Amino acid sequence: MVKAAVLVSGGGTNLQAILDAEDAGKIRSARVSLVVSNNPDAYALTRAKNRGVETLVLSKADYPTRAQFEQALTEALRARGIGLIVLAGFMRILSADFTKQYPERILNVHPALIPSFCGEGYYGLRVHEAALEYGVKVTGATVHFVNEIPDGGRIIAQKAVYIEDGDTPETLQKRVMREAEWILLPEAIEKVSAQINCACGA
Ligand code: GAR
């Protein structure tokens, strides 16, 4: 069983999808043991507490530099024997020094079809605004491994979502979450965790 940490910054609907998938037996090879937020007000923290999952806040006020944040994060992950890190709406970019410690052990969900509308500056609603501004007819979501390049790690899964006439960034965001993110991310966690267990002979 892989111990997973989920890193969040906001509402946490993807976290909820992961916890629901655990409850439904769709994630069997991993267990969410810790939820870490850089935002003390993130509703995702309430979702974790409601489910009895340990939470940790590493705020900008307490850890102003990325190095301080990542040192505290590394200590927390090591102390709990975390083997998989899931970025689920986590809005801080991790350094190469951090990602190097966890090769192909960090997953991220991105709300577009990489390599479109991705990289530094593309996060949350901004991604959907960019897709609508460009005028693409199909967008979607991507789950990928995290390396030192923002949104640049190996792709694990993608799902396309059609853009509809009259879509706003908000309506598009909701459809991409419902039709793609909430399905893909739990599936990818199970797939990667099963492979980790296999490699460990567990
Ligand atoms: C999700 O759409 C996720 O894909 C996106 O932020 C939203 C978080 O929602 N992440 C990024 O843009 C990262 N580059 P949630 O807090 O409800 O899961």
Side-chain angles (χ1 to χ4, degrees), residues 1-9 12 14-15 17-19 21-22 26-38 44 48 53-56 58 63 65-123 127 140-159 180-181 183-202:
M1 179 70 71
V2 177
K3 285 187 175 184
V6 182
L7 274 55
V8 296
S9 299
N14 278 288
L15 169 67
I18 296 165
L19 297 175
E22 263 187 22
K26 291 180 186 163
I27 296 178
R28 295 173 304 279
S29 307
R31 173 136 207 98
V32 177
S33 311
L34 178 68
V35 169
V36 182
S37 178
N38 61 331
V53 176
E54 185 190 1
T55 58
L56 177 67
L58 301 176
Y63 303 92
T65 69
R66 186 158 72 177
Q68 288 167 327
F69 171 83
E70 290 182 350
Q71 193 187 333
L73 179 61
T74 302
E75 282 167 15
L77 299 174
R78 288 204 180 131
R80 291 161 183 81
I82 298 293
L84 184 72
I85 301 163
V86 181
L87 311 186
F90 180 66
M91 301 302 178
R92 207 167 168 170
I93 289 178
L94 296 166
S95 72
D97 281 344
F98 182 86
T99 57
K100 266 191 317 214
Q101 296 179 71
Y102 293 95
E104 305 225 319
R105 292 292 184 272
I106 311 176
L107 306 188
N108 180 45
V109 61
H110 182 74
L113 294 174
I114 290 175
S116 292
F117 312 116
C118 66
E120 218 158 335
Y122 285 96
Y123 55 86
V127 178
T142 304
V143 178
H144 63 94
F145 286 115
V146 174
N147 63 9
E148 67 284 0
I149 302 159
D151 297 324
R154 187 157 71 83
I155 290 173
I156 301 164
Q158 289 187 303
K159 192 162 187 285
E181 295 184 46
I183 300 164
L184 282 189
L185 186 57
E187 283 178 0
I189 291 170
E190 176 54 27
K191 185 177 168 191
V192 171
S193 305
Q195 285 166 357
I196 296 172
N197 282 330
C198 221
C200 292

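Nothing here was measured: the structure is a model prediction, and the numbers come from that model. Positions are given from 1, in the same order as the sequence printed here.
- Separating the CG atom in Leu58 from the OG atom in Ser37 is a distance of 8.5 Å, to the nearest 0.5 Å.
- A pairwise comparison of heavy atoms in Met1 and Asn197 identifies N-OD1, 3.4 Å as the closest pair.
- Surrounding OH of Tyr123 are at most 12 heavy atoms belonging to other residues, nucleotides or ligands under 6.0 Å away.
- Taking CD of Glu104 as the reference point, atom NE2 of His144 lies at 12.5 Å (rounded to 0.5 Å).
- Across every non-hydrogen atom of Pro186 and Ile27, the tightest pair is O-CG1, 3.8 Å.
- Counted within 6.0 Å of NZ on Lys159, heavy atoms from surrounding residues, nucleotides or ligands total more than 12; the atom is thus considered enclosed.
- Minimum heavy-atom separation, Ala141 to Leu184: O-CD1, 3.5 Å.
- Counting heavy atoms from C-beta on, the side chains of Ile196 and Arg105 come closer than 4.5 Å.
- Between Val6 and Val8, some side-chain heavy-atom pair lies under the 4.5 Å cut-off.
- In terms of heavy atoms, Leu34 sits closest to Arg80 at CD2-CD, 3.7 Å.
- The main-chain N or O of Thr65 is found under 3.5 Å from a side-chain atom of Gln68 such that the two form a donor-acceptor pair.
- The OG atom of Ser29 lies 10.0 Å from the CD atom of Gln195; values are rounded to the nearest 0.5 Å.
- Taking every heavy atom of both residues into account, Val109 and Val143 meet most closely at CG2-CG2, 4.2 Å.
- Listed for the Glu70 side chain is a donor-acceptor partner under 3.5 Å among the backbone atoms of Ser95.
- In this structure, Leu56 and Val35 have side chains that are not in contact, with every pair of non-hydrogen atoms separated by 4.5 Å or more.
- Side chains of Arg78 and Gln101: a donor on one and an acceptor on the other come within 3.5 Å.
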- For Asn108 and His110, what are the C-alpha separation, side-chain angles and deciding distance, and is it a side-chain contact (heavy atoms from CB on, under 4.5 Å)? CA-CA 6 Å; Asn108 180 45; His110 182 74; 4.2 Å; yes
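- Between the side chains of Asn38 and Ser9, at least one donor N or O lies within less than 3.5 Å of an accepting N or O.
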- Item | Pair Arg66-Arg92, side-chain contact (heavy atoms from CB on, under 4.5 Å): steps then yes or no | CA-CA 9 Å; Arg66 186 158 72 177; Arg92 207 167 168 170; 4.2 Å; yes
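- With respect to Lys26 and Glu190, no salt bridge is recorded, no charged nitrogen being found less than 4.0 Å from a carboxylate O.
- When every heavy atom of Ala30 is checked against every heavy atom of Glu22, the shortest pair comes out as O-OE2, 4.0 Å.
- No donor-acceptor distance shorter than 3.5 angstrom exists from the side chain of Thr142 to the backbone of Gln158, with no hydrogens or angles considered.
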- side-chain contact (heavy atoms from CB on, under 4.5 Å) assessment of Val2 paired with Arg31: CA-CA 6 Å; Val2 177; Arg31 173 136 207 98; over 6 Å; no
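- Rounding to the nearest 0.5 angstrom, the gap separating the OH atom in Tyr122 from the CG atom in Asp151 is 11.0 Å.
- No hydrogens or angles considered: nothing links the side chains of Thr99 and Glu148 as a donor-acceptor pair under 3.5 Å.
- Test Leu185, Leu7, Leu107, Asn14 against Leu87 for side chain to side chain contact (heavy atoms under 4.5 Å, CB included) and you get one pass: Leu7.
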- Task: Go through the steps for Ile82 and Ser33 under the test side-chain contact (heavy atoms from CB on, under 4.5 Å), then give the verdict.
- Result: CA-CA 8 Å; Ile82 298 293; Ser33 311; 4.2 Å; yes
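- Between Ile85 and Tyr102 there is a side-chain heavy-atom pair separated by less than 4.5 Å.
- You'll find the side chain of Leu73 reaches within 4.5 Å of the side chain of Phe98, heavy atoms only.
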